[in-house]
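Report on the following structure.
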2 protein chains.
Amino acid sequence: MEFALAGIRDIATRAGASIATVSRVINGSGYVSPSMRARIETVITEMQFRPNAGAASMRRGKSRMVGVLLPALDVKFFGILAHVIEQALFARGYHAFICCSSESPDREAEYIAAMLAQRVDGVIIASVTSDTVTAARLTAAGVPIVAVDRAIAGAVTVKADHYAGGRLMAGHLLGLGHRSIAVTGAPEHSTPVTERLAGVRDALAAAGLEPVAVRLGDEHGFEACRDLAAGMLDDGVEADAVIGLTDLAAIGAIHALHERGVAVPQDVSVIGFDDMPMARYVIPQLTTVAQPIREIGALAVEQIVRLMTGEPLSEEQPPALSVIERGTTARRPA
Amino acid sequence: MEFALAGIRDIATRAGASIATVSRVINGSGYVSPSMRARIETVITEMQFRPNAGAASMRRGKSRMVGVLLPALDVKFFGILAHVIEQALFARGYHAFICCSSESPDREAEYIAAMLAQRVDGVIIASVTSDTVTAARLTAAGVPIVAVDRAIAGAVTVKADHYAGGRLMAGHLLGLGHRSIAVTGAPEHSTPVTERLAGVRDALAAAGLEPVAVRLGDEHGFEACRDLAAGMLDDGVEADAVIGLTDLAAIGAIHALHERGVAVPQDVSVIGFDDMPMARYVIPQLTTVAQPIREIGALAVEQIVRLMTGEPLSEEQPPALSVIERGTTARRPA
DNA sequence: TTGTAAGCGTTATCAG
DNA sequence: CTGATAACGCTTACAA
């Protein structure tokens, strides 16, 4: 015996009130006498009543739901980001509609359509494509949007300064006396990765240097990253330090190095980027540049909420990146 | 100049048709003459029309949305699970409403309420509490439910056989000649962890043994796991092998061991559980018991869809667990 | 302080 | 083959 969820009418009848009054107590709007309110509240809990969000949204023109479109959830970085955003949204009374584009532009477009259909009040997105069209689609519909981690031209963007992060990685190695620096990273077409690389190149150039090798790949899994570094090593590249454009790329490099009998950091230093938990799993633990991911998520939520409520944007910026010195970097052997 | 999204009426007027006809082409239901259909479709794309899902759901009594309630997204296991489930659901025409209970029963209840409000057609849940009340809440409302990873009494459950996994871990070590086996793991109150422990104990008992130590904790982060093992070692526990009830617990143990100058696997063997990507990050790579997480997610979706559509349940079971032998286990030194 | 009634944007049932 | 029209469950003026 399965019952349809109770409706506002059922509550009204059972409590001997009108649906308007019930609505008032649900939303805490307008006056309701204490006795009436008590009676209605009792019935509501008795009948396990939950106002139909779809109906409310339709009537109200607001869904209190925000779309969150990320490339993946099974990639640690985005898993954390999704988690932070979801929790922050919830704390402010919004629900997250989380979707994974799987790095596919088509998929991304389909999800944008779904979000439009759900009448989300706003969207937080780490867009696969840096083109403006998906953003335009949303803005045309009057849906505010904030880009996270990956910028979108013309949209409010919350992200770390990956370029600066690149400079930090190179700078740290340079400060340790390294001069022959190789770079590996993936996925190749991700803008954050590209920006970090640019930072690395510029910092090196400022010292009159350039990378002894740069190896980028599309696959960003562990095996792929290790193979990327392995290929480089087997091609005879001689480096006294390697920069992983992500922590995983760095860890892959460590494995490739280890398999070839070169000691980290005694023979070669390795530095990563992100400071994901995995950075501490390897022995010695990975030196890396920490990205303030939780603050980024929180700020993205702050901005979308302001956009949705019409408040002025926050001037706040995510905290700067910083080098976390651990065990995989050392002064260049003399 | 921001426009409200177009409605079905706008389309109807602009195409010189009735809303009923427009509805027909949207849903592909009933007959519509080709010419009319073409005209309407043009207008729909021109105006970027997206039918309001809330309204449709209200009218239809089906939202094509399923709630997915997990303890977290920033824990790799659940990140992967969420990803798999989301993609599988999407492929079948459903949208996922993903929520994180953060291991809090109260939070879980709030999300159940939210899902009820969204009128989800079904729920997939890895429940924090093994009690039946949250499930009952859903079933009372006629919402089908499938439990994933963590069983719920009376509900369709899709999970690995953690108990068997525990036996596998112990069995592998026993087969290698180890006799003094210690166990660490977290979070302590998670049923999968508890079940694995039971499997370990039983397999050991069958060999006339019992763990030389069992250290469980609530925190399941890296530091916490390492400290757990460190405490055990510092208390003078002598083991020739340690079982990590999760990969992270195992990795924490490896670090604790390493810090104390004991070599893995020469002096002590270590085995984990889950076969998360992290198992391959450590050197040597972690021997572990692989859990068929993607298949579990896919099967959970299969079952909830059957429940929602009234089809009989699938008899299929998730594939069995298996030991992935890598570098952290070795025969007991003579 | 509470009730009546008019929608919100769809879908589905009838007629035509 | 197409068009009125009645719900669906709620919020919100406007009355009482």
Side-chain angles (χ1 to χ4, degrees), chain A residues 3-41 43-44 47-65 113-114 116-121 141-142, chain B residues 3-41 43-44 47-65 113-114 116-121 141-142:
Chain A
F3 293 106
L5 252 9
I8 198 173
R9 288 143 149 41
D10 304 307
I11 307 299
T13 341
R14 267 257 250 172
S18 73
I19 61 169
T21 309
V22 175
S23 177
R24 284 185 197 104
V25 349
I26 294 170
N27 303 290
S29 58
Y31 283 126
V32 178
S33 71
S35 64
M36 175 99 272
R37 169 183 309 277
R39 197 143 36 98
I40 292 177
E41 280 171 342
V43 178
I44 285 181
M47 306 188 67
Q48 304 256 68
F49 170 66
R50 284 284 118 201
N52 182 320
S57 141
M58 192 165 96
R59 198 33 251 245
R60 199 149 30 190
K62 249 96 196 60
S63 62
R64 294 205 72 83
M65 175 131 143
L116 251 15
Q118 293 292 338
R119 298 300 189 266
V120 296
D121 295 337
Chain B
F3 294 105
L5 251 9
I8 198 174
R9 286 142 146 46
D10 304 306
I11 306 298
T13 342
R14 269 256 251 170
S18 73
I19 61 168
T21 309
V22 175
S23 179
R24 284 187 196 102
V25 350
I26 293 172
N27 302 291
S29 58
Y31 283 126
V32 179
S33 72
S35 63
M36 174 100 274
R37 172 185 305 280
R39 196 144 36 97
I40 292 177
E41 280 171 343
V43 178
I44 285 180
M47 305 188 66
Q48 305 254 69
F49 169 67
R50 284 285 118 200
N52 182 320
S57 141
M58 191 165 97
R59 196 33 249 243
R60 202 153 22 195
K62 250 97 196 61
S63 61
R64 293 205 72 83
M65 175 132 143
L116 251 15
Q118 293 293 337
R119 297 300 189 264
V120 296
D121 295 337

Out of C:dT10, D:dC10, D:dT12, whichever nucleotide has its closest atom nearest the side chain of A:Arg9:
D:dC10
Here the distance between atom P of D:dG9 and atom CG of B:Leu116, to the nearest Å, is 14 Å
Output the residues of residues 54-62 of chain B in contact with DNA chain C, where contact means a heavy atom of the residue under 4.0 Å from an atom of the strand; sort by number or write none.
B:Ala55, B:Ala56, B:Met58, B:Arg59, B:Arg60
Closest heavy-atom contact between A:Ser63 and A:Asp121?
N-OD1, 3.0 Å
Contact under 4.0 Å: A:Asn52 side-chain N or O vs D:dC8 OP1/OP2:
no
Should A:Met36 and A:Ser33 count as side-chain neighbours, where that means a heavy-atom distance under 4.5 Å?
yes
Using whole Å, what does the distance between atom P of nucleotide C:dT10 and atom CZ of B:Arg24 come to?
16 Å
Between B:Ile19 and A:Asn27, name the one whose nearest nucleotide on DNA chain D is closer to the 5' end.
B:Ile19
Base, sugar-phosphate alone, or nothing: which one does A:Arg37 contact when heavy atoms must sit under 4.0 Å apart?
nothing
At their closest point, which heavy atom of A:Ile40 faces which heavy atom of A:Ala17, and how far apart are they?
CD1-CB, 4.0 Å
If you check every side-chain atom of A:Ile26, which of D:dT2, C:dT4, D:dT11 has the closest atom?
D:dT11
Does a nitrogen or oxygen in the side chain of B:Ser33 sit under 4.0 Å from OP1 or OP2 of D:dC1?
no
Are side-chain heavy atoms of B:Met65 and A:Gln118 found at a separation under 4.5 Å?
yes
Check every strand shown and say whether A:Ala17 touches a base, only sugar-phosphate, or nothing at a heavy-atom separation below 4.0 Å.
sugar-phosphate
All N/O donor-acceptor pairs, side-chain side in residues 47-58 of chain B, below 3.5 Å, sequence neighbours left out:
unit_1, atom_1, unit_2, atom_2, d
B:Gln48, OE1, A:Arg137, NE, 3.3
B:Asn52, OD1, B:Gly54, N, 2.8
B:Asn52, OD1, B:Ala55, N, 3.0

Using every non-hydrogen atom in the two residues, find where A:Ser18 and A:Ala12 come nearest and quote the distance to one decimal.
C-CB, 3.8 Å
Could you tell me which non-hydrogen atom of B:Arg24 sits nearest to which non-hydrogen atom of B:Val32, and how far apart they are?
CB-CG2, 3.6 Å
Reckon A:Arg119 touches a base, only the sugar-phosphate, or nothing at all at heavy-atom distances under 4.0 Å?
sugar-phosphate
Within the distance-only criterion (no hydrogens, no angle test), does the side chain of A:Asn27 pair as donor or acceptor with the backbone N or O of A:Ser23 below 3.5 angstrom?
yes
Rounded to the nearest angstrom, tell me the gap between atom OH in A:Tyr31 and atom P in D:dT12.
17 Å
Degree of bending, the helix from C:dT1-D:dA16 to C:dG16-D:dC1 (end axes from five pairs; round to 10°):
40°
Under 4.0 Å: is that the gap between some side-chain N or O of A:Thr21 and OP1 or OP2 of C:dG3?
yes
Student check: side-chain heavy atoms of A:Ile26 and A:Ile44 closer than 4.5 Å
yes
